[in-house]
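In what follows, chains carry the letters A, B, and so on, assigned in the order in which the sequence lines appear, proteins first and then strands, with residues in each chain numbered from 1.
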Amino acid sequence: MLCLLRLLRSLAVAMVLFAPPALAQSAEEAFTRLNADSFSDTARAVDILIATAHPQAAPIIEALAESRLLAGGGAVVVRTREGGFIDARTGQTLPAQPAGLSPVRLNNNLRRVVQAALGGLGLLNPDASKRTLAAEAVFKSRDVSLLPVLEAAIGKETDAKARAALRQAQAAILIAKTDAPPFDRIAAIDVLRERGDQDALATLRSLPGDASQALKEAQTRAITEIEGRLAVWRAAQNLWYGLSLGSVLLLAAIGLAITFGVMGVINMAHGEMVMLGAYTTFIVQEIIRTSFPGLFPYSLAIALPLAFLVAGLVGIAIERGVIRFLYGRPLETLLATWGISLILQQAVRTAFGPTNREVGAPAFMSGAFELGGLAITWNRLWIIVFAMLVFASLLAILRLTPIGLQMRAVTQNRRMASAMGIRTGRVDALTFGLGSGVAGLAGVALSQIDNVSPNLGQSYIIDSFMVVVFGGVGNLWGTLVGAMTLGVANKLLEPYAGAVLAKIALLVLIILFIQKRPRGLFALKGRAVEA
Amino acid sequence: MITRFLLQNMDRRGYVFLGLIAALAVLMPLSNLLLPVGSAFHVPTSTMSLWGKYLCYALLAISLDLVWGYCGILSLGHGAFFALGGYAMGMYLMRQIGSRGVYGNPVLPDFMVFLNWQELPWYWYGFSSFPFAMLMVLAVPGLLAFVFGWFAFRSRVTGVYLSIITQALTYALLLAFFRNDMGFGGNNGLTDFKDIVGFNVQAQTTRAALFAMTCVMLIAGFLIARGIVVSKLGKVVIAIRDAESRTRFLGYRVDRFKLFVFTVSACMAGVAGALYVPQVGIINPSEFNPANSIETVIWVAIGGRGTLVGAALGAVVVNWAKTVFTSGFMAPYWLFALGGLFVFVTLFMPKGILGTAQEWWGKRRKPTPTAAPAPAPAE
Amino acid sequence: MNAPAPGQLTSSLLYLDGVSVSFDGFKAIRGLSLTIEPGEMRAIIGPNGAGKTTMMDIITGKTKPDVGTVMFGGKVDLTKLDEAAIANLGIGRKFQKPTVFDFHTIEDNILLALKAPRDVRRTLFWNTAASQQKRIDDILGIIKLGDARDRLAGSLSHGQKQWLEIGMLLAQDPKLLLVDEPAAGMTDGETAETAVLLKEIARDHSVIVVEHDMGFIRELGVKVTVLHEGSVLAEGPLDQVSANERVVEVYLGR
């Protein structure tokens, strides 16, 4: 303990008496003392190295801590971790180990001095980001012995971020330091309140129980405020997760909204179209990996149109081959498409095996960034953007293109449309192809966040139906609102109920909701509905 | 009066079915118990249990046919009622294990001891009593069907919407029963049964008795379902299937008729599940899988919906085929075959085996029309 | 408007006042008022989209009006009841498109319509009494389908289905019959016979007939109400109504 106090005093003094000319001389004293082979001299040497901010102070003290510091005959040499040798005075590499050196010994007291010194060293590092990191470390360790160094560092800190980190570290120490001036400790609470994260909260809670009334009040206020702020961020984070889940649901369901909503066809194989899209991505990436590695960043862009085509063509084949014979018999369509989904799943299982396939993420899809208190991953962000793009394009296709017009015409009055010269069979096939193709697009996106396996589609089909039924059939906006509502509701319920219960609760709620509004949120009314 | 209700207007097909099941109920256990193992007519216990399973499925199929074939309610969640009945039976069987479990706890089943539970959850009370458990086999699926149906039919959820929410129902139950803290054994379900009403579940005689019991219940289920569909209520139910709104304008409360049929059907499915569990020796959450329920639909469709006998036939045929397929080198192709069946039946055999056969039979002996010639159609 | 004086209210069998309903902004019925006296037969005509079917939907409980009064027998508020309750009060309906139960025999169709308890228990344990069987036979005779009683209703011709549906109405024995286009798709001979049948029914029932066929209406010889754009345009004997300039304008267009 004595030893520590001595170190602190010396550090403080050194900081105050910051005088370059005296440095060289003092540093030389340190090297002399390191040669003395006495614990107290070594401790003094460490003090001096720190106080003089010797450029080699960090490697020397680190080496000392790890018993890699050698001394003898006036020389002091650092043995690097790799086994090379460096002159401690100059930092120059030595060709070979000089003779007559022995390791500088350590005892427990000295170890403590060295550890504290290492902490303090970081705070004085010339690199601002290193200083910030060191301050963070001190914030966590709340090592009271570093307080003087901290104060000194704050005094000469110019970088705003590092300064804030240093002040927070100082505050973390002060708050537990019962002999610090009360005014400083209240200010410390304020600093922590501004920091306002989970760590600040923990630190605030470490305020000793015998603190004064004023301190305790300040602490309570700060904790309440931080908790309030954290709750808001948590809610925002959950909202973000909800939107992300919602956009995934939207992608999975929007193709269904077309086939079910516009055509009235229950396509139980819809999930398998999503799966085909994901496997298309896998194949594209395999080919790129083996033949054109340079194209990997573009693999998703290449996979998108291919997935649309593959799923769309399979969809058209299903429509022409099976579904068209079953129009007007929705329950039979449901069964037949279920059969198709079994066949497709088994086909993929036979071709690619039952296990998960690895689909890689291009650089722009990986990683995360922070926005305030939010952690946002790039892949989720891109999927939200992608879902919105798909939604907007589908809306545009249905509203603005001739095929969209024909689709709507056939939906509203098949016979009339046919009489007007619209080839309803072709429109049916194209509509189904479009719905399936969109499912393929969804598969490309989902391959980035989910396991690509033959069961991929199955896990989405019930959720997709829930979205379409909840949102109201025949209305793309309903699907959007439905997907987002379900996604957000799911994620907001999760913290209270857990993932599985949240899902169950939601299913039950939808079941109840359908009782109330059998045709969903955005339902058509009037006589046409009954027809 | 009840006999009259059950046997009114029995046709030849019905008698053949009843005779066949009754014969199975007697002959299979007898051959299993009395004939020597080497005999050509000896039925191994495993085969008998397998057929017991088929017949449980047949009862489930009949229950589904009652709501789908006659009332037009395509339930994609009938597996849930089957599984609930199975769980009720499973809970009884678990309580019968007593202190013979791995952990030797006289009250708590092994999985609860494993989860460090201290006492039996309230909803396990009473299941040590066989009559109570049997009551629950009927009451739990029946109550769920009643509550669900009460909401759904009153607000006139029909067609595919109803199908989708029945699927959501069984899916929600699947997720729920997977949870350990539900107190139903989580992922592993209930298994390692020892006794049923004092007899060893594994014993050959018990298995024979269970098989015979299954036949008896199948007969009972068939007679009840038939009694319902040939009654005036059955006519109302068919009317609802074909023209729901018209039936309402005749003054029938459509929701109540649907609710009645749906609830009866759920109870029947529960009984099927309860008979299934002791014969296969396990019940776990996978029985709630929506895929199982849809598979049940295809049994009914293949056999011929709206015929009851056809549903039972379809269940046995498909499951027999499944056993044959999945036990040999063709195992990887079973799902292709099953998927193909779905497509083939809906496209080419919408009336199923029995309906198609009937039509074919009808055409061959057409020449004597019983109905009077139709009056000249109006032009 | 032909709203009745308050004193008449209790004596009317059916009383509609100020009824409006709209679907997605489209006003199918606007301020419709109409009264039917006990034992009265009324013909309702009007061009397509005049609100005839919607009016029937409102009376039978299929559609709930946004505003307005719908009273039956002077005291029952029909807007508060559902279809089955209204049917059991004694309002029967025949649809524009004949809807019979295709997979039931003709006899079973009549049996299902026959006035009897409609609850689950009593339908499950139903036995047709001799008097009820006689009533069924009588009705089959009236609609001339006695010989075809075992045929499936789905095999009937369009006209026969219309008659079967009228037979079902008779079996229901309602106080008020709503008959939507009974003569649609019939030959002239059949139309005439239908008119006779309806007149016969009208002797002890109140009837509302919606029809396009002017000849048929003339044959019925009853008071006519003309609907246009969801409200009453004219009311009175057919000759008087067909002389009305506005009615001519609506039917022939401008």
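- At a heavy-atom separation below 4.5 angstrom, chain A is approached by B:Y171, B:A172, B:L175, B:A176, B:R179 within residues 171-179 of chain B.
- Between A:P330 and B:V160 the shortest heavy-atom distance is CB-CG1, 3.6 Å.
- Classification of B:R305 and A:E332 as a salt-bridged pair holds, one side-chain N sitting under 4.0 Å from a carboxylate O.
- Looking at B:Y161, the atoms closer than 4.5 Å to chain A (heavy atoms on both sides) all sit in the side chain, from C-beta outward.
- Contact of B:L169 with chain A is made through backbone and side chain together, with heavy-atom distances under 4.5 Å.
- Comparing B:G340, B:A168, B:P350 by heavy-atom pairs within less than 4.5 Å of chain A, the highest count is held by B:A168.
- With chain B as the partner, the residue from A:T333, A:D463, A:V500 showing the most heavy-atom pairs under 4.5 Å is A:V500.
- Chain A forms more heavy-atom pairs under 4.5 Å with one residue of B:W334, B:F336, B:F148, B:F153 than with any other, namely B:F336.
- Residue with the most contacts toward chain A among B:L76, B:I165, B:L341, B:T166: B:I165 (heavy-atom pairs, distance under 4.5 Å).
- Residues of residues 283-298 of chain B lying under 4.5 angstrom from chain A, judged on non-hydrogen atoms, are B:P290, B:A291, B:I294, B:V297 by number.
- Other residues, nucleotides and ligands contribute at most 12 non-hydrogen atoms within 6.0 Å of the CZ atom of B:R154.
- Considering all non-hydrogen atoms of both residues, B:G339 and A:I343 come closest at C-CD1, 3.6 Å.
- Here the CD1 atom belonging to B:I164 is positioned 4.5 Å from the CZ atom belonging to A:F465, to the nearest 0.5 angstrom.
- If you measure heavy-atom distances from A:I340 to chain B, the contacts under 4.5 Å come from both the backbone and the side chain.
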message = Could you walk me through whether B:Q167 and A:I462 satisfy the side-chain contact (heavy atoms from CB on, under 4.5 Å) test, starting with their C-alpha distance in whole Å, then the side-chain angles of each, then the deciding distance to 0.1 Å, before giving a yes or no?
response = CA-CA 8 Å; B:Q167 190 177 31; A:I462 291 184; 4.0 Å; yes

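- Contacts of residues 501-509 of chain A with chain B at a heavy-atom distance below 4.5 Å involve A:L501, A:K503, A:I504, A:L507, listed in sequence order.
- The local environment of OH in B:Y333 is sparse, with at most 12 non-hydrogen atoms from other residues, nucleotides or ligands closer than 6.0 Å.
- Only the side chain of A:I266 comes within less than 4.5 Å of a heavy atom in chain B; its backbone stays farther off.
- Residues of residues 346-356 of chain A lying under 4.5 angstrom from chain B, judged on non-hydrogen atoms, are A:Q346, A:A347, A:R349, A:T350 in numerical order.
- A side-chain contact (heavy atoms from CB on, under 4.5 Å) with A:L331 holds for exactly one of B:T346, B:I73, B:L74; it is B:L74.
- For chain A, the option among B:V345, B:L335, B:L338 with the highest count of heavy-atom pairs below 4.5 Å is B:L335.
- Residues B:S163 and A:L334 share a closest heavy-atom pair of CB-CD1, 4.2 Å.
- B:W68 touches chain A through its side chain: at least one heavy atom from C-beta onward sits under 4.5 Å away, while N, CA, C and O do not.
- Annotation: A:Y327, atom OH; neighbour count of heavy atoms from other residues, nucleotides and ligands within 6.0 Å is above 12.
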